[in-house]
Amino acid sequence: MAEKGKDIEPSWQEAPIIAEKVDVQERFAANVIELLDMGATIPFIARYRKEKTGDMPVEKLREISSSVEELRAVKTKMCSVYSTVNSQGKMTKQLEQALRHSRTMEEVEMLYAPFKPGHKGSLAERAKALGLEPPAMSILDGKTVNFNQYVKPDEKGESVVGVSSRSEVETGVQHIIADVVAKDKEVMDEIRKICATSNVQLESKKSKPKTAAVKKKTTDKDADKTQNGGQGKMKKEPPDNSFKFEQYFDFLAPIRTVKPHQILAINRGEEQKILTAKIIMPDSVNVRFTRFAHHRFIKPFFPDLCKAAIEHSIEDSFTRLIQPQMCRHIRSEQTKAAEKASIAVFADNLHRLLLTSPVKGKTVLGIDPGFKNGCKSAVVSPTGQILQTQVLYLHDYKSNKFAEREKVIKLVQAHRCDVIAIGNGVACRETEQFVADLIQKNAFGSQSVVYCIVDEGGASIYSVSDEAQKELPDLDPTLRGAVSIARRLQDPLSELVKIEPKHIGVGMYQHDVPKTKLQTALDSVVEECVSFVGVDLNTASQCLLRRVAGLSAAKANKILEWRAKNGQFMNRTQLLAIKGFGEKLFEQCAGFVRVVHDLTQEDIRSEAEKPEPEAAPKAGQKRKAGAKAGSRAKKAKLASSDNVNLLDMTAIHPESYHVATRFVADLGLSLNAVGQESFISKVKRSVSAPKGIGALAEKYGVGVPTMQLITDALSRPINYDFRSDFQKPLFKKGMTSISDLKPGTLLTGRVTNMTHFGAFVDIGVGQNGLIHVSKMRPPLRPNENLGLGDHVEVTVLSVEAAKNRIGLQLKKVLTS
C-alpha cells in the first residue's frame with residue numbers, strides 16, 4: 001500500500017510530450033510553456049517573442065496552449081484519483097505506477113472506475129479481497145504455487161464463493177496477473193506502437209431496427225393512453241434522417257485513412273441510433289502483443305505451471321482488458337483529432353474572413369433581402385456613418401415595382417453610392433438579379449456602381465443584441481442588419497468583432513465539437529486578427545479594444561473612460577496612467593494599439609523641432625536611478641506627457657524603441673520623418689545591403705526576427721494596413737442562372753466555405769458549387785492551401801438544377 005499523504009507526480013514531462021505531439025523542437029515547446037505560464041498571450045508570443053519560439057506559427061502556439069491545458073487537467077485528475085483511492089487504503093504500487101504513466105483523461109478514468117462508490121470493483125480487486133494476491137505475485141516471480149491451499153471453507157464448513165475450488169482460485173489468480181499485465185507501462189507503450197503500425201480499421205453499419213416485441217410494447221402503451229381519454233401525450237415520432245448516413249451503412253476503412261468529417265458523421269449517426277461503429281483489429285495485433293508479453297513476463301527457467309498460468313493470463317488480459325481499452329482509446333483519439341481538425345477549419349475560415357481586405361473610401365448601400373417584409377436598406381458613408389435607411393419592397397407582388405425601382409435609383413444617385421452590398425440570406429438571388437439588371441441597363445446614369453454578395457452570418461443576431469442597442473439606439477432592429485451588412489464590407493474586422501464568432505457560420509459540424517473548445521479557438525483567432533491589424537486608441541470601439549491581446553471588456557471600458565475624461569491619447573505610454581494598467585499589462589497590449597496622428601507637413605516640421613522622444617523602458621525592466629518604475633509620481637508624469645512619438649503609429653513594441661531610435665539615428669534620419677517616402681527608401685536600402693538583416697541584428701544586439709519587425713515597420717507608410725495583402729471582396733456587375741450552366745463551362749468565383757471534403761464556391765449563379773478535394777489537384781502548387789476568400793478559376797463538371805447541386809473542378813487559384 002502507498003504511503004498516506006504522499007503526493008503523486010506523473011512519470012512524464014510536459015515539454016517532450018507536447019513537442020512530439022505538435023511536431024516542434026522540445027526547447028521551443030518549453031519556451032512557449034514558460035511564456036504562457038508568465039501570462040503572455042498568443043499574439044504577443046507570436047509577434048514579439050519569435051526568438052524564443054523559432055518563429056512558430058500562431059496555429060502551433062494555440063495547439064501548444066490547448067495541449068498544456070489538457071495535460072494539466074489529466075495531472076489534476078490523477079492527483080485526485082490517487083488521493084481518493086489512497087484514502088480508501090486500496091492504493092497499490094502497480095496502480096500508482098499506472099496512474100503516473102497515464103497521459104489521457106480516459107486512462108485515468110479507466111483506472112479509477114473500480115474504486116468509484118457503488119462499483120463492485122474489478123475482477124482483480126475481488127480476487128485480491130479473497131487473499132489471492134500472494135499466489136499471483138509468486139507465479140509472476142516464477143515460483144510454484146499449490147492452489148489447493150487457497151481453497152477456503154467458511155465457519156460452517158462450507159466453501160467461500162470465489163475460492164470454493166481449485167479452478168476458482170486459478171481464475172482469481174489469472175485475473176490479478178491479467179490486471180498487472182494491463183497496467184504495465186512497457187506493455188501499454190508496446191500495444192500503442194503495434195496498433196499504430198497495424199491495419200486497424202473502423203467499421204460502421206446501419207443499426208438494426210427495434211424488435212417486434214419492443215415495437216408492440218410501445219404501440220400497446222400508446223393505445224392505452226388514447227383509450228384513457230387522451231391522458232398522457234403521445235410522443236411524436238422524430239423525423240427519419242437515416243438517408244443522410246447512407247454512405248456509412250456499410251463502411252470499412254483503415255483508421256489512418258478515415259477523414260475527420262467521416263468520423264464526426266459516424267459519431268453523429270451513433271448518437272442518433274442510426275449507425276453502430278466499432279474498431280476492428282487484425283489478428284496480427286494479438287500475435288505481436290502476445291509475443292512481446294511472453295518475453296516480458298515469462299522467463300526460460302520458469303516452471304511449466306507458472307508459464308501456463310501466465311500465458312492464460314496474458315490471453316485474458318488482451319481479450320478482456322487491453323483490446324477493449326485500445327478500441328476505446330483509438331475511437332477517443334480519432335474523435336479528438338476530428339474535432340481538432342474541424343475546429344482548425346473553423347479557425348482558418350474565420351481568420352481569412354476577418355482579414356478580408358477592407359473597402360475604404362466607398363459609400364455603400366447595404367441591402368438585407370426579404371420577400372413579404374421587404375428588403376431593409378441602409379446607405380453608409382465611407383466613415384461608417386448612416387446616411388439614410390429605407391424599406392424596399394422589391395419582391396412583394398402587391399408593390400409597385402416601378403416605384404420601388406425608382407427608390408433604389410434615387411438612393412444610389414442621391415448619396416453617390418459606389419457599391420451595393422447584398423446579404424446572402426433569403427431573397428438574395430432575387431435581389432441580386434434586380435440589382436444586376438439595373439447596372440446592366442445603366443439605370444444609375446454616370447454613376448459607376450458594382451455589387452457584392454456579403455455573408456450576413458450573425459447579422460440578425462447582432463441587430464437585437466445589447467451591443468446594437470447601445471450603438472444604434474434610435475434605429476429599428478430590422479434595419480440594423482442592413483447597416484451591419486454595409487459596414488462589414490467596408491471594414492469586416494471592425495464589424496464582425498461585434499458578433500460571437502460561433503454565429504458567423506464559417507465551418508461545418510459546429511454542433512459535433514465541444515462548444516468550449518470551439519469558442520476558445522475562435523476567440524483566440526479574433527484576438528489574433530484584431531491585435532495584428534492594430535487598433536487606434538483614439539477611435540477604437542469597446543468591441544475592438546476588448547479583443548486586443550491582454551485587454552478585457554473591463555480594461556477596454558477604462559480606456560474609453562480615460563479618453564472621455566482626458567481627451568485623445570498622444571502616446572502609448574499614457575496607458576500607464578490608467579488605474580489597473582501595470583507594466584505587465586502594458587507589455588502585452590502596447591504593441592497592438594496605435595496612437596494615430598493625422599499630421600500635415602507643417603505638423604511634422606513642428607514635431608521635428610521637438611526633442612526626439614525618449615524610448616520607453618523595456619517592459620519588466622527597472623528604470624535607472626531617479627526614474628524608478630515603482631514610483632507612482634514618475635509613472636503619472638511619464639504617462640501624462642503629451643509628446644508625440646511616431647513609433648506609436650507602427651507595430652514596433654515600446655520595448656524595442658531604443659533599437660529603432662539607434663537604427664534611425666545611424667541612418668542619419670529623424671524619427672519625426674517616419675512614413676515619408678525618403679525615409680522609407682533609405683531604410684529599405686540599408687536592409688538590402690550585402691550583409692542584410694543579420695548584420696543589423698548583430699550590430700544592435702537583438703534577434704533577427706526582432707530586427708526584421710523593426711525594419712519592416714519603418715519601411716511602410718504610416719497608414720499601412722496589412723489586410724490589403726489579403727483577398728479582396730468579389731465585385732460583380734451581372735449574373736447568370738444555374739440553368740445557363742453546362743459541363744465544361746469555365747468560370748471564376750470566390751471560396752465561401754472550406755470543409756475537409758471540399759470547398760464551396762460562389763460562381764455568381766445564386767447557388768454555390770462544390771470543388772471536391774479530389775478535384776483540387778494538381779492545380780494547387782506544393783505547400784499551397786485553398787482557403788476562404790480565395791478567388792479561383794473553375795470548370796463546371798456537373799449540374800443538377802433540381803437539387804441545386806453544382807460540381808466543379810479547380811483550374812487555378814487567382815491572385816487578388
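Computed over heavy atoms, backbone and side chain alike; hydrogens, waters and symmetry mates excluded.
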Closer than 4.0 angstrom, basic N to acidic O: yes or no for [X] and [Y]?
X: Asp55; Y: Arg47; answer: no
X: Asp721; Y: Lys360; answer: yes
X: Glu70; Y: Lys517; answer: yes
X: Arg547; Y: Asp523; answer: yes
X: Glu561; Y: Lys558; answer: no
X: Asp466; Y: Lys470; answer: no
X: Arg487; Y: Glu471; answer: yes
X: Glu456; Y: Arg488; answer: no

Between [X] and [Y], is any pair of side-chain heavy atoms under 4.5 Å apart?
X: Ile386; Y: Val379; result: no
X: Gln708; Y: Lys50; result: no
X: Val412; Y: Gln447; result: yes
X: Leu493; Y: Cys529; result: yes
X: Phe586; Y: Thr573; result: yes
X: Thr650; Y: Tyr720; result: no
X: Val449; Y: Cys417; result: no
X: Trp562; Y: Gln574; result: yes

[X] side, atom [atom1]; [Y] side, atom [atom2] - distance, nearest 0.5 Å:
X: Glu63; Y: Ile343; atom1: CD; atom2: CD1; result: 11.5 Å
X: Leu545; Y: Ile559; atom1: CG; atom2: CD1; result: 5.0 Å
X: Glu34; Y: Met38; atom1: CD; atom2: CE; result: 6.0 Å
X: Tyr48; Y: His653; atom1: OH; atom2: NE2; result: 6.0 Å
X: Asn424; Y: Cys452; atom1: CG; atom2: SG; result: 10.5 Å
X: Ser715; Y: Lys682; atom1: OG; atom2: NZ; result: 13.5 Å

Measure across [X] and [Y] and return the closest heavy-atom pair with its distance rounded to 0.1 Å.
X: Ala46; Y: Phe532; result: CB-CZ, 3.9 Å
X: Glu528; Y: Pro43; result: CA-CG, 3.9 Å
X: Ser686; Y: Leu667; result: CB-CD2, 3.7 Å

| said: Please determine whether side chain to side chain donor-acceptor pair (under 3.5 Å) holds for the pair Arg480 and Gln469, giving the CA-CA distance in whole Å, both sets of side-chain angles, and the decisive distance to 0.1 Å. | reply: CA-CA 9 Å; Arg480 292 171 185 164; Gln469 178 61 33; 3.0 Å; yes
| request: Could you tell me whether the side chain of Gln490 and the main chain of Lys362 form a donor-acceptor pair under 3.5 Å? | output: yes
| task | Apply side chain to side chain donor-acceptor pair (under 3.5 Å) to Gln519 and Glu500, showing your working. | result | CA-CA 9 Å; Gln519 186 69 35; Glu500 286 295 322; 2.9 Å; yes
| request: Could you walk me through whether Val596 and Asn538 pass the side chain to side chain contact (heavy atoms under 4.5 Å, CB included) test, one step at a time? | output: CA-CA 8 Å; Val596 179; Asn538 290 321; over 6 Å; no
| field | Intermediate values then yes/no, side chain to side chain contact (heavy atoms under 4.5 Å, CB included), Arg723 and Asp491 | value | CA-CA 10 Å; Arg723 287 178 294 174; Asp491 192 342; 2.7 Å; yes
| task | Give me the one residue out of Glu59, Lys60, Lys52 that meets side-chain contact (heavy atoms from CB on, under 4.5 Å) with Met56. | result | Lys60
| said: I'd like to know whether Thr478 forms a side chain to side chain contact (heavy atoms under 4.5 Å, CB included) with Val391, so could you lay out the CA-CA distance, the side-chain angles of the two residues, the decisive distance to 0.1 Å, and finally the verdict. | reply: CA-CA 9 Å; Thr478 59; Val391 179; 5.7 Å; no
Side-chain donor-acceptor pair present, [X], [Y], cut-off under 3.5 Å:
X: Thr41; Y: Gln588; result: yes
X: Gln568; Y: Arg563; result: no
X: Asn571; Y: Asn643; result: no
X: Tyr657; Y: Asp648; result: yes

| task | Quick one: do Leu472 and Tyr462 satisfy side chain to side chain contact (heavy atoms under 4.5 Å, CB included)? Show the steps, please. | result | CA-CA 11 Å; Leu472 307 170; Tyr462 162 74; 4.1 Å; yes
| Member of Glu51, Glu655, Arg49 meeting the side-chain hydrogen bond (donor to acceptor under 3.5 Å, both in side chains) criterion with Thr706 | Glu51
| request: Would you kindly check if the NZ (Lys) or CZ (Arg) of Lys555 is within the cone defined by 45 degrees around the ring axis of Phe581 and under 6.0 Å from the six-membered ring centre? | output: yes
| Between Tyr700 and Phe663, how do the two ring planes meet: parallel, tilted or perpendicular, split at 30° and 60°? | perpendicular
